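Note sheet for the following structure.
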Amino acid sequence: MAMDVVDYEIFGNEMQYVEVELDPGEAAIGEAGAMMMMGNGIEMDTIFGDGSAQQGGLFGKLMGAGKRLLTGESLFTTIFHNEGRDKSRVAFAAPYPGKIVPVDLTTVGGTLICQKDSFLCAARGVSLGIAFNRKLGTGLFGGEGFIMQKLEGDGMAFVHAGGTLAVKDLAPGEVLRVDTGCVVAFQPSVDFDIQYVGKLKSALFSGEGLFFATLRGPGRVWLQSLPLSRLANRIVMAAPAAGGQSRGEGSLLGGLFDGDNE
């Protein structure tokens, strides 16, 4: 499928959204529930699979849907196409605080490997596939890093990073050790593996877990300071209704006299 060349603009700081400008006949694909608003002339369709194999018959559609199912995403993708005579825009919003990362796939060799929940939207023609890490250690202990999404094509793709974004260009043989949830995306030339922390005391009492990801260059990697899993855990820990403990802010008495605890 031919790629659509789209213009875009990112708005906001901590809670961002991206507006994609579509010429007549152009289209963009978005993750389910990511659409924020769309202009006049934009039509929305829900399709089975990732939208890249719609001309491949039933088998192609099933393959596209199966790849999304393996990554834990919805079987369906939403496509937004401009059926009007003038340019129009559609906006996609980030799901939680962080940064939207625009990636021109032509600048990274046509392929980007990313966490399964980081994809936000892309120009029509970008293929959404899966990337298995075949290493045993990653498969057993990698968690979020075992099955990842693979974005292929020569168009624009947008992924979301939680918190503050860090971009690292690794030299050949250079190694970076990262919390597994903090990896957003990387080029296929980067070798991704899982490594044991090595010290039982550190594993039990540091709060960092038993394993971390190792990224070996060459290639570019995108990292996030606030993975969604870390944010969710902190919310649960602070919510009394979910079994957490309420901690009063700015009070020596904690939440003893907090109205929410009555």
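Everything numeric here is computed off the predicted structure, so don't read it as measured data.
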**Report entry** Pairwise distance CG(Asp45) to OG1(Thr78) - rounded to 0.5 angstrom
**Finding:** 9.0 Å
Report summary line: For residues 98-110, the side-chain hydrogen bond (donor to acceptor under 3.5 Å, both in side chains) pairs (sequence neighbours left out) are Asp104-Thr106
**Report entry** Side-chain donor or acceptor of Gln16 paired with backbone N/O of Ile100 under 3.5 Å
**Finding:** yes
**Report entry** Pairs touching residues 163-183 that satisfy ring-ring contact (aromatic ring centres under 6.0 Å, His included), sequence neighbours left out
**Finding:** none
Query raised in the report: Between Gly153 and Leu105, what is the shortest heavy-atom contact and its length?
Result: O-CB, 3.4 Å
Report summary line: Contacts of Glu21 meeting side-chain hydrogen bond (donor to acceptor under 3.5 Å, both in side chains) (sequence neighbours excluded), chain-then-number -> none
Query raised in the report: Tyr17 and ring-ring contact (aromatic ring centres under 6.0 Å, His included): which partner among Phe92, Phe158, Phe11, Tyr8?
Result: Phe11
Report summary line: CD (Gln149) and CD (Glu31) are apart, to the nearest 0.5 Å, by 6.5 Å
Query raised in the report: In Å, rounded to the nearest 0.5 Å, how long is the span from CD1 of Ile42 to CD of Glu26?
Result: 9.5 Å
Query raised in the report: Cys182 and Pro227: which non-hydrogen atoms are nearest, and at how many Å?
Result: SG-CG, 3.8 Å
Query - Donor-acceptor under 3.5 Å (Ser88 side chain, Gly41 main chain) - result: no
Side-chain donor-acceptor contacts of residues 162-176 below 3.5 Å, not counting sequence neighbours, with atom names and distances?
| residue | atom | partner | partner atom | Å |
| --- | --- | --- | --- | --- |
| Asp169 | OD1 | Arg220 | NE | 2.7 |
| Asp169 | OD1 | Arg220 | NH2 | 3.4 |
| Asp169 | OD2 | Arg220 | NH2 | 3.1 |
| Glu174 | OE1 | Ala171 | N | 2.9 |

Query raised in the report: Quick one: CE on Met148 to CD1 on Ile113, what's the gap to the nearest 0.5 Å?
Result: 7.5 Å
Query raised in the report: Under 3.5 Å, is there a donor-acceptor pair between the side chain of Asn82 and the main chain of Leu22?
Result: yes
Query raised in the report: Which pairs count as salt bridge (charged side-chain N to carboxylate O under 4.0 Å, His left out) when at least one residue sits in residues 5-15, sequence neighbours excluded?
Result: Glu9-Arg89
Requested in this report: Please report the shortest heavy-atom distance between Leu151 and Ala157, naming the atom on each side.
Outcome: CD1-CB, 3.9 Å
Query raised in the report: Between atom NZ of Lys150 and atom CD of Glu152, what is the distance when rounded to the nearest 0.5 Å?
Result: 4.5 Å
Query raised in the report: How many angstroms lie between CD1 in Ile29 and CZ in Phe80, if you round to the nearest 0.5 Å?
Result: 10.5 Å
Query - Main-chain N/O of Val159 paired to Ser118 side chain as donor or acceptor, under 3.5 Å - result: no
Query raised in the report: Any idea how Tyr96 and His160 line up, ring-wise: parallel (<30°), tilted (30 to 60°), or perpendicular (>60°)?
Result: perpendicular
Requested in this report: Taking side chain to side chain contact (heavy atoms under 4.5 Å, CB included) as the test, write out the residues that go with Val190, two or more places apart.
Outcome: Phe186, Leu215, Val221
